[in-house]
Each structure stands twice: as structure tokens, then as C-alpha cells.
Amino acid sequence: MKKFFREFKEFALKGNVLDLAIGVIIGAAFSDIVTSLTDNFINPILKFLTAGERYTLQDIGGFASNFLTAVVNFIIMAFILFCLVKGINKMMSIGKKHPDEEPAPTTKKCPFCYSEIDINATRCPHCTSIIENVDPLKASDEAAEEAK
């Protein structure tokens with residue numbers, strides 16, 4: 001039973017599932033803005049133009065207030081979701097170890113042909129140049145002269 005809940009937790013908190021859930025919630029909140037815009041601005045304008053319906057300043061103020069409320073609700077919802085996702089990401093990273101230093105490089109570039117070779121190589125397997133104690137700038141100049 002523990003394994004089942006652990007697998008469910010991993011599934012539910014995966015990036016894709018969490019992103020999809022956030023997208024659905026944000027989409028629903030944004031649809032409230034679109035509905036408010038339609039109900040409070042577009043429909044009254046169409047009614048005014050087609051039916052000759054008259055609106056008072058109080059009506060127009062109510063329309064603007066309703067739309068502004070929908071926008072503020074959307075911003076609050078987006079902020080809460082942002083904080084929630086940030087907290088979940090922080091909680092998920094607690095168990096993981098982050099190395100402070102980058103791992104040591106395992107390859108280097110050949111100063112003659114610029115191929116990637118093993119860090120311990122003393123001869124390039126591509127151009128067969130000896131690479132022991134070679135200054136890369138000097139080697140590239142010598143390679144250019146040999147090409148001439």
C-alpha cells in the first residue's frame with residue numbers, strides 16, 4: 001500500500017500533471033474575465049446600438065466595477081497558484097541532493113584539430129598529434145602553417 005501511495009504522489013506531482021492542472025485552473029479563471037467583458041461591455045454596447053437602450057452613468061459604473069472585480073479575482077488566483085507551485089517545487093527539491101561543484105571535465109579539445117578527446121590522452125586519436133604540454137594558441141598557429 002505504501003508503494004501505491006508513493007507512486008501516486010510521484011505521478012500527481014510530476015511537472016506535466018501539475019502544469020496541466022494549473023493550466024485548467026488559470027483557463028477557468030480567465031474565462032470569467034472573458035464572460036465579464038462580454039456581459040459588461042460588449043452586450044450593453046450592442047443593445048445600445050441595436051435596440052436603442054439607454055444606460056445611465058450608474059449602469060456604466062456597475063459594468064466597469066464588475067469587470068474590474070473579475071480581473072482582480074484572476075490576479076489573486078494566479079498569485080495563489082504561483083505561490084502554491086513554488087512551494088511544491090521547493091518541497092520536492094528538499095530530498096534531492098544538489099552538488100555544489102560541477103563535476104570535473106572528462107574530455108578536452110585537441111589543440112590541433114579541435115576534436116573532443118579524453119582528458120588523459122597524450123595523442124589525439126583523430127589527427128594523431130602529440131598533445132603533451134602544448135600551448136593551444138601556439139598549436140593552432142602551427143596547424144595553420146602546416147595547412148599552407
Side-chain angles (χ1 to χ4, degrees), residues 1-50 59-148:
M1 195 65 156
K2 274 185 174 181
K3 183 179 177 185
F4 175 77
F5 284 120
R6 183 173 40 86
E7 287 177 359
F8 177 74
K9 182 182 119 184
E10 288 173 6
F11 166 76
L13 296 179
K14 262 187 196 171
N16 296 342
V17 175
L18 195 59
D19 291 345
L20 181 61
I22 298 297
V24 168
I25 294 170
I26 290 286
F30 191 75
S31 74
D32 290 343
I33 291 178
V34 173
T35 302
S36 178
L37 178 70
T38 304
D39 291 345
N40 296 310
F41 288 105
I42 296 174
N43 286 345
I45 290 172
L46 290 176
K47 285 180 184 177
F48 176 76
L49 292 175
T50 57
D59 294 336
I60 294 171
F63 296 151
S65 173
N66 291 340
F67 179 71
L68 188 60
T69 301
V71 170
V72 168
N73 287 341
F74 174 78
I75 291 171
I76 291 170
M77 177 69 69
F79 179 73
I80 289 171
L81 288 173
F82 170 76
C83 291
L84 182 70
V85 168
K86 193 167 177 76
I88 288 173
N89 288 341
K90 182 78 171 175
M91 190 172 52
M92 293 299 290
S93 68
I94 287 174
K96 296 179 182 174
K97 295 185 180 186
H98 298 285
D100 292 340
E101 298 177 10
E102 292 183 19
T106 58
T107 60
K108 62 183 176 181
K109 294 258 185 201
C110 171
F112 297 102
C113 68
Y114 299 104
S115 299
E116 197 166 299
I117 58 174
D118 187 77
I119 194 87
N120 297 321
T122 56
R123 186 177 289 266
C124 177
H126 302 284
C127 68
T128 68
S129 299
I130 298 174
I131 335 180
E132 232 172 342
N133 300 324
V134 176
D135 180 23
L137 295 175
K138 186 178 176 186
S140 63
D141 292 340
E142 290 173 4
E145 287 179 22
E146 286 178 21
K148 290 180 183 177

- From CA spacing to verdict: side-chain contact (heavy atoms from CB on, under 4.5 Å), Ser129, Cys113: CA-CA 9 Å; Ser129 299; Cys113 68; over 6 Å; no
- Task: Please test Asp39 against Asn66 for side-chain contact (heavy atoms from CB on, under 4.5 Å), starting from the C-alpha separation and ending with a verdict.
- Result: CA-CA 9 Å; Asp39 291 345; Asn66 291 340; over 6 Å; no
- Go through Phe41 and Phe63 one step at a time and tell me if the ring-ring contact (aromatic ring centres under 6.0 Å, His included) criterion holds. CA-CA 7 Å; Phe41 288 105; Phe63 296 151; 7.3 Å; no
Between [atom1] on residue [X] and [atom2] on residue [Y], distance to nearest 0.5 Å:
{"X": "Ile130", "Y": "Cys124", "atom1": "CD1", "atom2": "SG", "answer": "11.5 Å"}
{"X": "Ile80", "Y": "Ile75", "atom1": "CD1", "atom2": "CD1", "answer": "12.5 Å"}
{"X": "Glu7", "Y": "Lys3", "atom1": "CD", "atom2": "NZ", "answer": "5.0 Å"}
{"X": "Leu68", "Y": "Ile33", "atom1": "CG", "atom2": "CD1", "answer": "10.5 Å"}
{"X": "Ile117", "Y": "Lys109", "atom1": "CD1", "atom2": "NZ", "answer": "10.5 Å"}
{"X": "Ile119", "Y": "Thr107", "atom1": "CD1", "atom2": "OG1", "answer": "6.5 Å"}

For the side chain of [X] and the backbone of [Y], is there at least one donor-acceptor N/O pair under 3.5 Å apart?
{"X": "Ser36", "Y": "Asp32", "value": "no"}
{"X": "Ser65", "Y": "Gly61", "value": "no"}
{"X": "Arg123", "Y": "Thr128", "value": "yes"}

Can you find a heavy atom in the side chain of [X] that is under 4.5 Å from one in the side chain of [Y]?
{"X": "Thr106", "Y": "Asp118", "value": "no"}
{"X": "Ile88", "Y": "Leu18", "value": "yes"}
{"X": "Leu81", "Y": "Ile22", "value": "yes"}

- For Ser115 and His126, which heavy atoms make the closest approach, and how far apart are they?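 Reported closest heavy-atom pair: CB-CD2, 3.2 Å.
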- Closest non-hydrogen atom pair, Lys108 against Ala121: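 Heavy-atom minimum between the residues: NZ-O, 3.3 Å.
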